[in-house]
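Comments concern the structure below.
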Amino acid sequence: MVSRVIPVDPFDLVIVGATGDLAMRKILPALYRRFRAGQIPPEARVIGAARTEMDTAGWRAEVASALGEGPERDAFLARLDYVVLDAEGETGWDALAATCRPDVLRAFYFSVDPHLFAPLAKRVERHGLAAAGTRVVVEKPFGHDLASARALNAALAEHFHEDQVYRIDHYLGKETVQNLMAVRFGNTLFEPLWNAQYVDHIQITVAETVGVAGRAEYYDRAGAMRDMVQNHIMQLLCLIAMEPPARFEAHAVRDEKLKVIRALDPVEPGNIVRGQYRGDGAVPGYREDVGQPQSRTESFVALKANVSNWRWAGTPFYLRTGKRLRARSSEIAIVFKDAPHSIFGTEAGRHSNVLAIQLQPNEGMTLDVTIKEPGPGGMRLLDVPLDMTFAETLGPDAEEIPDAYERLIMDVIRGNQTLFMRDDEVEAAWAWTDPVIAGWQERGKAPAPYDIGSSGPVDSLMLMHRDGRRWREIDP
Ligand code: BG6
């Protein structure tokens, strides 16, 4: 397998919030890896901007220590400049304007709190930095609810056309998430079965072992529903449920995803379980992590969603995500219906095919098929997984799976919005999420406690049991 690196055009990328955690942990390492891979041309430049008083040499030194030693690091660092910039004041804007080259593709990455998006967008335009091809990248949280998301969209729309705005959901940049589309639309095998007639139900699990320490303030205001379900899990659901777009192209794909979100039924209160991890003496619980002894924010949520359209009516989507669970594992499982009639009699048991797509770690897919248990003893059936773990199937190249940010930032430069969320999509996702949150706030019920290292609260198991189904194990 030969990886094909197609260099992008030279660019000026301005990272606002250049000293922040995301810039140091994700954005700059991603750029460095693409530079090393030969995808970023030597004429490209990355301009760091932040309030911190520092010069270019100082920022380069910070970036160097964030990147660690590596080949071509000095050549990459030589592409970096730094400007002291005040998002809400006038400091630094003339210097930034003087640093940006007039005839080079320009992109701004607003790696800052969303309340700064509007003042930044205004100043970018006011200082003549918003040429027609200029792009703006924004991160989640994109709003806290529908009203705030609309306000952010409107503020950006005052200065930029929607074609210039790149809303990142980093799950869409994950190689395995893109693979969902390849599996569905690159094979004839699955698509004829991909509907309520053949699929019993779908499970989407995003389980984490990390807690919320370090981001307490943000997380306690958000909770799992806003932090994970409204965006990442919603995107996974869309890719599984959407109709085949006519082309793998930005508007075509996003149109189809939007239709899925709009087809989601409101979630009934009895179909949601919220949880909060409790301490076990050795490891602090959620409330200690956020320093709020009374907090009612959920660190776990499980729910049953219904997509009310011709393809999916009657096939539930069970979604769950949580912190401090027993393993880090993100998996989508398509559980097919049992064979309509067992010619082997009841003693052969019930067997169903399951297509499980493991997003992380151990990226890959398994397809459970039913076979005869080898040896004597009659016709005994057994489910065995056909295993397509990418690391094994693809050989050593599989270890080179790029980080989501590498793909997404290169897409910004290429001007490809396919893997970014459109304004109407984000708003539709909030329109579905808001009543769920409002409902439990009204009911005022505290989230159910669950043990660190468990699979979440017992009630979440019941959500499936009462439908005669069960969650798959959360295995690493
Ligand atoms: C972020 C959430 O968007 O995604 C975090 O804010 C979460 O709470 C993270 O931990 C998970 O991302 P990944 O790529 O580690 O699955």
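Ligands are counted one by one from 1 in listed order, and the atoms in each one are counted from 1 as well.
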>> Testing the 3.5 Å rule here: is there a donor-acceptor pair between the side chains of Gln417 and Glu162?
In response: no

> Is the Lys NZ or Arg CZ of Lys140 less than 6.0 Å from the centre of Phe142's six-membered ring, within 45° of the axis?
Replying inline: no

> Got an N/O contact under 3.5 Å between Gln360 and ligand 1?
Replying inline: yes

>> Can you classify the ring geometry of Tyr405 versus His170 as parallel (below 30°), tilted (30 to 60°) or perpendicular (above 60°)?
In response: parallel

>> Could you tell me, atom by atom, which parts of ligand 1 come under 4.0 Å of a heavy atom of Arg215?
In response: 2 (C), 5 (C), 6 (O), 8 (O)

>> Please compare Glu208, Lys174, Met228 and report which has the shortest non-hydrogen distance to atom 13 (P) of ligand 1.
In response: Lys174

>> Among residues at least two apart in sequence or on other chains, which ones pass salt bridge (Lys or Arg N to Asp or Glu O under 4.0 Å) with Arg443?
In response: none

>> I want to confirm something. Looking only at heavy atoms, which of Lys140, His170, Lys26, Glu139 is nearest to atom 12 (O) of ligand 1?
In response: His170

> Counting each atom of ligand 1 from 1 as listed, which ones have a heavy atom of Lys323 under 4.0 Å away?
Replying inline: 5 (C), 7 (C), 8 (O), 10 (O)

>> Ignoring hydrogens and geometry beyond distance, is a side-chain donor-acceptor pair present between Ser148 and Asp145 at under 3.5 Å?
In response: yes

> Which heavy atom of the protein is the closest neighbour of atom 16 (O) of ligand 1, given with residue, atom name and distance?
Replying inline: Tyr171 OH, 2.5 Å

> Quick one: are the ring centres of Tyr450 and Phe300 less than 6.0 Å apart?
Replying inline: yes

> Under 4.0 Å from any heavy atom of His232, which atoms of ligand 1 are there?
Replying inline: 1 (C), 3 (O), 4 (O)

>> Between the side chains of Glu331 and Arg472, is the shortest nitrogen-to-carboxylate-oxygen separation below 4.0 Å, so that they form an ion pair?
In response: yes

> Quick one: which ligand 1 atoms are inside 4.0 Å of a heavy atom on Asp227?
Replying inline: 2 (C), 5 (C), 6 (O), 8 (O)

> At under 4.0 Å between heavy atoms, which part of Arg328 makes contact with ligand 1: side chain, backbone, both or neither?
Replying inline: side chain

